[in-house]
Amino acid sequence: MKARTRFAPSPTGELHIGGVRTAVFAWLQARHTAGQFYIRLEDTDQERYTAGSARRILQTFDWLGMTLDGGPDHAELQHMKSDEDYPEALADGSFQGIPGPFVQSQRLPIYKQWAEWLVENGYAYRANETPEELDHMRKEAESRKEGFRFREEMRVRQEVRADEPHVIRMRILPRDGTTRFHDMIKGDVAFENANLDDQVILKQDGFPTYHLAVVVDDYTQGVTHVIRGDDWLPSAPKHVLLYQYLGWPLPVFAHVPNVLGPDGRKLSKRHGATSVFEFRDQGYLPEAVINFLAMLGWAPGQGDEQNIFTFDELFQKFSLEHVGSSPAVFEYTKLDWMNGVHIRKLAVDDLAKRLLPFLAQAGLPMDTDEKFQLLLRTIPLIQERLPKLTDAAPLIDFLVNDIETPPMEMLIGPKMEQHLSLHAMREARRVLAELPVFEESAIEPALRALGAELQLKPNQLFAIIRNAVSGKTVTPPLFGTLAVLGREVTLNRIDRAIAQLQTV
RNA sequence: GCCCCCAUCGUCUAGUGGACUAGGACGCGGCCCUUUCAAGGCCAAAACACGGGUUCGAAUCCCGUUGGGGGCACCA
């Protein structure tokens, strides 16, 4: 069965990584079944709207590589507020028969129409209690230590005309009884109708509340699987009732558990990065973020112990059935490992391109062809040393820029005296200068032979050469590094080290 | 307060009544490889929250307890 799923954020701020995880599940379910996945903006709360947030949400999906089959287009965003831009991915809007608009504020007449239908058919009624009256009722229930739920019987004014300001509330029917439904993740769930309240479905300002909007949109847009956070589970029975009133078939429900921080509390900013853009800026690959998020609460099951997945493998293996029902803790260390794995899988030129903005950011703009070639030659030396893209700059800066001549203590090898280091350094210089070709395959045997000749351990000779040419004690493998550095620069830096060692 | 959901190594999880001496991955520790750092290989420690049932047999089914989480708006 082809699934049509959606992600329906409200444009109220930064897209949270926990929300994105839910979106990943919905997206994978759609791709797994060769169905469709789209985005719908739930902007029915005019007061909470944050400018630019819609655009950033779309850019998030763009960066993650989560392809869409529908979503808000430029015109809609323009109409809504003044978002000046939107991702290229949506420009051609390859909508596959999903009826828009994809912004709820553009669909007001549709909600109005169904709300009135519900009133006419006895499933809803008009009410106009003031906020103060409602608040009073709520306080009173609280003082009696009872849960408050608004019911028709509590109305202050029984007759409310259609032409005076009012809201429309759904009627919970039957008044007592049980509403049951099946959830793909939680299983069979049941709610007593007596605990449900006559929820407002159309606000006085003419906007629907979430409950009406989500049901109307999901049905009219052909959503087959309602995949959302499990904080929605308690209101799901109201939605089930609305589907029944409207005579619409129920979609499949899948309420996915929350994502927690390492301390077991709901994931928030104080745990570290939570916005997708933060992960991007910290050097994580979209492949790794998606892989990691998919594995947070999902596993292939059936004895399959695979951890690292490509998008295609996820499309093939993902299944809502194997999404767990308990909340998962977001462990940053595992993301780091997974990111390293995905970095190692990248082709050299691909990795080079992805590294460019991070190198530039670190003051190493690789903006000439010569520099880019240098980067390409360096990548094999550093690729398996990069948990994150931000880790490249400190590994290669000495290849791009000149260095300070290292201090004396760095030029004296372990268990060596100054004069011995000086002698070794001079010999190394001589050997390197005499090499017919300055390549790794020539440098390595030459320096090893020298080490044996001088009766120095590898880490004695190699350490001082490393320090002399890089100014660092930790670098990519020495011989390859020297080759990339080139004979001229290498000898120059060794000469400076020799001069340093000659001082008293 | 009321309602709902959840419960396997520190973490992500496999497990759907017998193949469980509970498997894998991250992390942690050790060893190997090794010019540093990584990567890689090998080894180890590490869990079925508790109590009752059901059953010949329970991590798996039921009930309760405890502990976590969520919801109770003219917000989503």
Side-chain angles (χ1 to χ4, degrees), chain A residues 8-10 12 42-45 47-48 127-131 134-135 138 141-142 144-150 166-169 183 185-187 189-192 194-197 199-205 207-211 213-214 228-237 255 257-258 260 262 264-266 292 295-308 322 324-338 340-341 344 382-387 391 395 444 447-448 451 457-463 465-467 470 472-479:
Chain A
S10 25
T12 54
E42 310 220 319
D43 62 337
T44 55
D45 186 352
E47 304 196 345
R48 293 206 308 162
N128 67 352
E129 280 61 42
T130 64
L134 289 169
D135 199 46
R138 213 168 273 125
E142 201 175 309
R144 289 197 308 268
K145 297 208 179 267
E146 284 173 10
F148 174 70
R149 58 198 73 87
F150 187 89
H166 67 277
V167 301
I168 293 180
R169 309 186 88 115
D183 184 279
I185 293 170
K186 304 292 184 179
V189 286
F191 291 81
E192 298 301 321
N195 290 320
L196 269 25
D197 66 354
Q199 184 75 49
V200 170
I201 55 175
L202 197 72
K203 298 185 261 185
Q204 201 168 113
D205 63 4
F207 280 70
T209 60
Y210 173 81
H211 310 284
V214 74
R228 82 229 302 188
D230 70 357
D231 39 347
W232 285 111
L233 193 58
S235 48
H255 288 91
N258 275 123
L260 274 24
R265 316 220 22 115
K266 198 171 174 181
F292 179 75
M295 298 295 287
L296 253 194
W298 172 83
Q302 290 151 333
D304 188 337
E305 287 169 342
Q306 184 173 352
N307 283 287
I308 302 298
H322 286 100
S325 51
S326 52
V329 173
F330 192 106
E331 196 70 61
Y332 291 84
T333 54
K334 189 158 188 172
L335 207 212
D336 285 357
W337 164 76
M338 200 171 267
V341 174
R344 271 169 247 136
I382 63 170
Q383 187 159 17
E384 64 188 34
R385 276 160 255 264
L386 303 177
D391 295 317
L395 279 176
E444 173 161 6
L447 288 181
R448 286 195 188 282
K457 291 189 171 151
N459 71 330
Q460 291 181 301
L461 208 216
F462 301 158
I465 298 175
R466 163 178 294 107
N467 295 353
S470 71
K472 296 172 186 284
T473 54
V474 175
T475 69
L478 182 61
F479 312 119

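Quick caveat, the model's predicted, so the values are computed rather than measured. To find a chain, count down the sequence lines: A is the first, B the second, and so on, and within it residues start at 1.
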Trainee: Looking for any heavy atom pair under 4.0 Å, which part of the strands does A:E42 touch: base, sugar-phosphate only, or nothing?
Mentor: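 Sugar-phosphate contact only.
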
Trainee: Do A:F150 and A:V200 make a side-chain contact, defined as non-hydrogen atoms from C-beta onward lying under 4.5 Å apart?
Mentor: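 Counting from C-beta outward, A:F150 and A:V200 never come under 4.5 Å.
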
Trainee: Would one find a side-chain N or O of A:R144 under 4.0 angstrom from OP1 or OP2 of B:rG1?
Mentor: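 No, no such contact exists.
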
Trainee: Using a 4.0 Å heavy-atom cut-off, does A:F292 contact any base of the nucleic acid, only the sugar-phosphate backbone, or nothing at all?
Mentor: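 Nothing, no heavy atom under 4.0 Å.
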
Trainee: Specify the closest pair of heavy atoms between A:N258 and A:K266, including all atoms of both residues, with the distance to one decimal.
Mentor: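 In terms of heavy atoms, the two residues are closest at ND2-CE, 3.9 Å.
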
Trainee: Can you figure out which of B:rA39, B:rC26, B:rU35 approaches the side chain of A:R466 most closely?
Mentor: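 Side chain of A:R466 sits closest to B:rU35.
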
Trainee: Could you check whether A:P387 gets within reach of a base, just the sugar-phosphate, or nothing at all, counting any heavy atom under 4.0 Å?
Mentor: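 If one applies the 4.0 Å heavy-atom cut-off, A:P387 turns out to touch nothing in the nucleic acid.
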
Trainee: Hey, is the side chain of A:R344 poking within less than 4.0 Å of OP1 or OP2 on B:rG40, counting only N and O atoms?
Mentor: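 For A:R344, the contact criterion (side-chain N or O under 4.0 Å from OP1 or OP2 of B:rG40) is met.
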
Trainee: Among the nucleotides B:rU11, B:rG71, B:rG15, which one has an atom lying closest to any side-chain atom of A:H322?
Mentor: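 The closest nucleotide is B:rG15.
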
Trainee: Could you check which nucleotide pairs with B:rA49 in any of the strands shown, counting Watson-Crick or G-U wobble with both distances under 3.5 Å?
Mentor: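 Across any shown strand, B:rA49 pairs with B:rU65.
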
Trainee: Measure from the side-chain heavy atoms of A:N459 and tell me the nearest of B:rC12, B:rU35, B:rA38.
Mentor: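 Among the listed nucleotides, the one closest to the side chain of A:N459 is B:rU35.
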
Trainee: Under 4.0 angstrom, heavy atoms only, what part of the nucleic acid is A:P257 near: base, sugar-phosphate, or nothing?
Mentor: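 No contact.
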
Trainee: Assign the ring pair A:H211 / A:W232 to parallel, tilted or perpendicular, where the plane angle (0 to 90°) is split at 30° and 60°.
Mentor: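 Geometry flag for A:W232 against A:H211: perpendicular rings.
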
Trainee: Nearest to the side chain of A:E331, which nucleotide is it out of B:rC75, B:rA14, B:rU11?
Mentor: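 So the side chain of A:E331 is nearest to B:rU11.
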
Trainee: Indicate, with a heavy-atom threshold strictly under 4.0 Å, whether A:V214 touches base, sugar-phosphate, or nothing.
Mentor: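 Nothing, no heavy atom under 4.0 Å.
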
Trainee: Could you check how far CH2 of A:W337 sits from C1' of B:rG40, rounded to whole Å?
Mentor: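 Going from CH2 in A:W337 over to C1' in B:rG40 covers 14 Å.
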
Trainee: How is A:V200 classified with respect to the nucleic acid when contacts are heavy atoms under 4.0 Å: base, sugar-phosphate, or nothing?
Mentor: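 Sugar-phosphate only.
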
Trainee: Measure from the side-chain heavy atoms of A:F191 and tell me the nearest of B:rC3, B:rA25, B:rU13.
Mentor: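 Of all the options, the side chain of A:F191 is nearest to B:rC3.
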
Trainee: With the side chain counted from C-beta on, respond yes when A:M338 and A:I308 share a heavy-atom pair under 4.5 Å apart, and no when they do not.
Mentor: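 Yes, at least one pair of side-chain atoms sits under 4.5 Å.
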
Trainee: Could you pull out the closest heavy-atom pair between A:V329 and A:P262, with the gap in Å?
Mentor: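 Closest pair (atom of A:V329, atom of A:P262, distance): CG1-CA, 3.5 Å.
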
Trainee: Under 4.0 angstrom, heavy atoms only, what part of the nucleic acid is A:K472 near: base, sugar-phosphate, or nothing?
Mentor: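 Nothing: the residue A:K472, judged by heavy atoms under 4.0 Å, touches no strand.
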
Trainee: Looking for any heavy atom pair under 4.0 Å, which part of the strands does A:S235 touch: base, sugar-phosphate only, or nothing?
Mentor: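 No contact.
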
Trainee: Taking any heavy-atom pair under 4.0 Å as a contact, classify A:L478: base, sugar-phosphate, or nothing.
Mentor: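 A:L478: base contact, heavy atoms under 4.0 Å.
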
Trainee: Side chain of A:D231: nearest nucleotide among B:rG71, B:rA25, B:rG40?
Mentor: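 My answer, after comparing the listed nucleotides, is B:rG71.
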
Trainee: Rounded off to whole Å, could you give me the CG-to-P distance for the A:L233 and B:rG70 pair?
Mentor: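 These atoms are roughly 14 Å apart.
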
Trainee: Measure distances between side-chain N and O atoms of A:K186 and base N and O atoms of B:rC5, and say whether any donor-acceptor pair falls under 3.5 Å.
Mentor: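 Donor-acceptor pair under 3.5 Å: no.
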
Trainee: At 4.0 Å (heavy atoms only), tell me whether A:G340 reaches a base, stays on the sugar-phosphate, or touches nothing.
Mentor: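 Since no nucleic acid heavy atom lies under 4.0 Å of A:G340, the category is nothing.
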
Trainee: Counting side-chain heavy atoms from CB outward, which of B:rA76, B:rC74, B:rA25 is closest to A:L134?
Mentor: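 Nucleotide nearest to A:L134's side chain: B:rC74.
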
Trainee: Say you pick atom P in B:rU13 and the same atom in B:rU8; how far apart are they, in whole Å?
Mentor: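 Here B:rU13 and B:rU8 have their P atoms 9 Å from each other.
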
Trainee: Of the candidate nucleotides B:rG24, B:rU35, B:rC74, which contains the atom at the shortest distance from the side chain of A:F479?
Mentor: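 Selected nucleotide (nearest to the side chain): B:rU35.
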
Trainee: Taking a pair as Watson-Crick or G-U wobble with both distances under 3.5 Å, which nucleotide is matched to B:rA22?
Mentor: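 Base partner found: none.
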
Trainee: Heavy atoms from C-beta onward define the side chain here; which of B:rC74, B:rC5, B:rG24 lies closest to that of A:E305?
Mentor: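 Closest nucleotide to the A:E305 side chain: B:rG24.
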
Trainee: For a quick check of understanding: with a heavy-atom distance under 4.0 Å over all strands, which category does A:A463 fall into, base, sugar-phosphate or nothing?
Mentor: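 Here A:A463 touches no strand at all.
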
Trainee: Hey, does the side-chain of A:R149 have a donor or acceptor N/O within less than 3.5 Å of a partner on the base of B:rC72?
Mentor: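 Such a pair does not exist between side chain and base.
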
Trainee: Please give, in whole Å, the distance from B:rA76 P to A:W232 CH2?
Mentor: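 Checked: the CH2 to P distance equals 7 Å.
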
Trainee: Could you tell me which non-hydrogen atom of A:T44 sits nearest to which non-hydrogen atom of A:F207, and how far apart they are?
Mentor: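 Shortest heavy-atom contact: O-CD2, 3.4 Å.
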
Trainee: Base, sugar-phosphate alone, or nothing: which one does A:T475 contact when heavy atoms must sit under 4.0 Å apart?
Mentor: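 Here A:T475 touches the bases of the nucleic acid.
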
